[in-house]
Amino acid sequence: DEFEITGCVNGSACNFNENATEEDNDICIYTDGLCESCSGELDGTGSVVDNDVDDDTVCDADEIVGCTDATAFNFNSDATDEDGSCLYTSQNILTFSAGPNLSSFYELPDYDIDSYAVENLSGLFNESNMYAALGQSNASLFYADIGWIGSLDSIDTRSGYWLKLYEAQTVDYVSYPNSEDLLYSLSSGANLISFPSSDSYSLEDAFPSVLDGVVSTIISEGESAVYDFDNNQWVGSLTNLVGFKGYWFISNQDIDFSFDLSSPGFARVLYSNKDVLPGFEYNQSTKQAFYYIKNIQGAVEGDWVIAYHDDVVVGAREWTGSTTDIPVMGYDGDDYSLGYIDNNSVPSFKLYQQRTGKLFELYGEIPGFSNNIVYMIDTVFNRDIEVPGFVELKGAYPNPFNPVTSIKFSVPEQMHVEINILDIQGRLVSHVVQGTYEYGNNEVLFNGNLLSSGIYFIQMITDSDIKYSKITLLK
């Protein structure tokens, strides 16, 4: 007995022991008949091998990896194991205005394609609504009896384009992801490019450091941004980069780059009406320049700067209180730009004073117009707006009064003003106003119906001075 070897003597068991002399089949272990197999040892040390590591009843050797999500456009109905390769289309709602739209398409309407025909792109719009497409250095036009002619045959994911439409339209644009991240190549000069995200990114977040000192001017549709090296910040009306918009990057050298999308973006606004001043509307043109004005004598936040060519409004921007870019639209050969400025012609500017509704001519050293150029102007002046040099309480009219009079005063800059009425003994009898007033002449009404006839004093209190003026109430 001392030479007996007890073990599993069933040859179908994984721990079969060919050396066993005494049967003990209670210790035999077997496969489940599905994906399990035996490790192959014949000395009783064999074990069951699991060939279905994910326990999905499909043996590892029979697994087909791929996209198992039926909502993905690359769904594989034969796939049994998800490999993370699922790709999805994007549903984009794009809004276009009548006239020129500076657009781009960082994703195209099919997968793994490098370009998309302009003729097919025009088919996304209402019939014959899109009539022109202009690239950085080429263009195509649509003629009803001929079709599309020109050197711009197709669009790509990295470029921007001016698309001209007869009528405003919203387009449901289904796009496919790119097979790799977009790498951009800039040449020295103006480059019309796309922005590769469905979200909106602040210019500071998306602008890659490799472009620091290389690109300091960016122009979009009616907006622009210039880097202020003195204050280390971007200035201008363009603050965000948005997918499906086109951007002119003005570069001082040839360079390759990718946008920095490491920070989270925020939802793209479906459509944002550009700020306009009623009565001073103008059309977008494919020819545009921007005049950055640093200082305007007598202007306050809320005023507007209007650009003219002769008597035609060619641009407008609300004054921000500091450096502001004023768009100036040029004639590009289309009817919507008739009367707009030509190359080398000098625009004129007027200040629209919001509080009075008056227009004032602005004067300064204004350069001539050239497309896609940004001009920096230190100061423009006006000869008609009187800017007081000191705080003045001008009194009241009428005086004597019964019971209402107008109190007039002026301040040389925006400041806090308090107006009170004191009796002949210096006691406060009425608090008229207290608040912030803009530079220049101001007036407030005072109603003395609760006071008795007599002599009173207007008290004007500012941060820098206190003024008094005598008034007489006669009932």
Side-chain angles (χ1 to χ4, degrees), residues 102-104 106 135-137 156-162 178 180-197 199-266 286-295 315 317 320-328 330 364-380:
L102 192 51
S103 308
S104 67
Y106 73 95
Q136 179 176 317
S137 58
D156 61 64
T157 56
R158 296 172 177 83
S159 302
Y161 305 91
W162 283 106
N178 297 306
E180 57 186 17
D181 293 338
L182 295 183
L183 176 68
Y184 294 82
S185 295
L186 300 183
S187 300
S188 180
N191 302 263
L192 183 51
I193 64 174
S194 66
F195 180 69
S197 176
D199 291 334
S200 175
Y201 282 78
S202 71
L203 185 52
E204 290 82 359
D205 288 341
F207 194 81
S209 59
V210 70
L211 295 184
D212 290 345
V214 177
V215 172
S216 57
T217 300
I218 303 174
I219 295 174
S220 187
E221 181 184 322
E223 298 177 326
S224 70
V226 168
Y227 194 77
D228 181 354
F229 289 98
D230 292 334
N231 297 298
N232 296 319
Q233 64 179 3
W234 288 93
V235 296
S237 56
L238 178 64
T239 58
N240 297 313
L241 299 178
V242 183
F244 300 107
K245 295 294 185 181
Y247 298 94
W248 288 98
F249 273 45
I250 315 301
S251 177
N252 59 24
Q253 67 180 60
D254 296 350
I255 193 170
D256 296 338
F257 80 97
S258 294
F259 282 102
D260 182 0
L261 304 183
S262 57
S263 300
F266 47 94
T286 61
K287 306 293 186 183
Q288 55 180 353
F290 294 85
Y291 289 73
Y292 279 73
I293 302 177
K294 296 181 180 179
N295 299 291
R317 185 83 80 212
T320 64
S322 58
T323 303
T324 301
D325 63 327
I326 318 302
V328 174
E365 296 184 8
I366 311 297
F369 173 88
S370 185
N371 184 42
N372 272 357
I373 298 297
V374 167
Y375 303 99
M376 304 301 294
I377 302 170
D378 284 331
T379 302
V380 292

Over 12 foreign heavy atoms within 6.0 Å of CG, Asn232: yes
Under a plain distance cut-off of 3.5 Å, with no hydrogens placed, do Ser197 and Asp199 share a side-chain donor-acceptor pair? no
Can a donor-acceptor pair be found, under 3.5 Å and without considering hydrogens, that links the side chain of Tyr106 to the backbone of Asn178? no
Locate the shortest heavy-atom distance separating Ser263 from Tyr201; write the atom from each residue and the value. O-CE2, 2.8 Å
Quick check for you: to the nearest 0.5 Å, what is the distance between Asp181 atom CG and Leu261 atom CG? 8.0 Å
Shortest non-hydrogen pair, Val215 vs Ile218, comes out as CG1-CG1, 4.1 Å
How far apart are the closest heavy atoms of Ser370 and Ala289, and which atoms are they? O-CB, 3.4 Å
Straight-line distance of Ile193 CD1 to Asp156 CG, nearest 0.5 Å: 11.5 Å
So CG of Asn191 and CD of Gln136: to nearest 0.5 Å the spacing works out to 5.0 Å
For the pair Arg317 (side chain) and Pro327 (backbone), establish whether a donor and an acceptor sit closer than 3.5 Å, ignoring hydrogens and angles. no
From CA spacing to verdict: side chain to side chain contact (heavy atoms under 4.5 Å, CB included), Ile366, Val380: CA-CA 9 Å; Ile366 311 297; Val380 292; 4.1 Å; yes
Out of curiosity, Asp228 CG to Lys294 NZ, how far, rounded to the nearest 0.5 Å? 7.0 Å
Taking all atoms of both residues into account, what is the closest heavy-atom pair of Trp248 and Ala190, and its distance? CE3-CB, 3.7 Å
Are any of the side-chain heavy atoms of Ile219 and Leu102 separated by less than 4.5 Å? no
Less than 6.0 Å separating the ring centroids of Tyr292 and Phe290? no
Identify the heavy atoms of Tyr291 and Pro367 that sit nearest to each other, and give their distance. OH-O, 3.0 Å
On a heavy-atom basis, the closest approach of Thr324 and Thr320 is OG1-OG1, 2.8 Å
If only atom types and distance count, is the side chain of Ser251 paired as donor or acceptor with the main-chain N or O of Gln253 below 3.5 Å? yes
Decide yes or no on side chain to side chain contact (heavy atoms under 4.5 Å, CB included) for Leu211 and Leu186, but give the supporting numbers first. CA-CA 10 Å; Leu211 295 184; Leu186 300 183; 4.2 Å; yes
Only one of Phe259, Trp234, Phe195, Tyr247 passes ring pair (Phe, Tyr, Trp, His ring centres under 6.0 Å) with Phe207, and that residue is Trp234
Give a yes-or-no answer on whether the side chains of Asp256 and Ser185 include a donor-acceptor pair shorter than 3.5 Å. yes
Heavy-atom donor-acceptor pair, Asp325 side chain to Ala225 backbone, under 3.5 Å: no
Using a 3.5 Å distance criterion without hydrogens, assess whether the side chain of Thr379 forms a donor-acceptor pair with backbone atoms of Ile377. no
So, does Ser220 use its side chain to make a donor-acceptor pair with the main chain of Glu223 at under 3.5 Å? no
Here's a test for you: under side chain to side chain contact (heavy atoms under 4.5 Å, CB included), which of Pro208, Ser194, Ser159 qualifies with Tyr184? Ser194
Test log, rule side chain to side chain contact (heavy atoms under 4.5 Å, CB included), inputs Thr239 and Leu203: CA-CA 6 Å; Thr239 58; Leu203 185 52; 5.9 Å; no
Do other residues, nucleotides or ligands put more than 12 heavy atoms under 6.0 Å from Gln233 CD? yes
Measure the CD-OG1 distance between Glu221 and Thr286 for me, rounded to the nearest 0.5 Å. 11.0 Å
OG on Ser224 to CD1 on Ile373, rounded to 0.5 Å: 12.0 Å
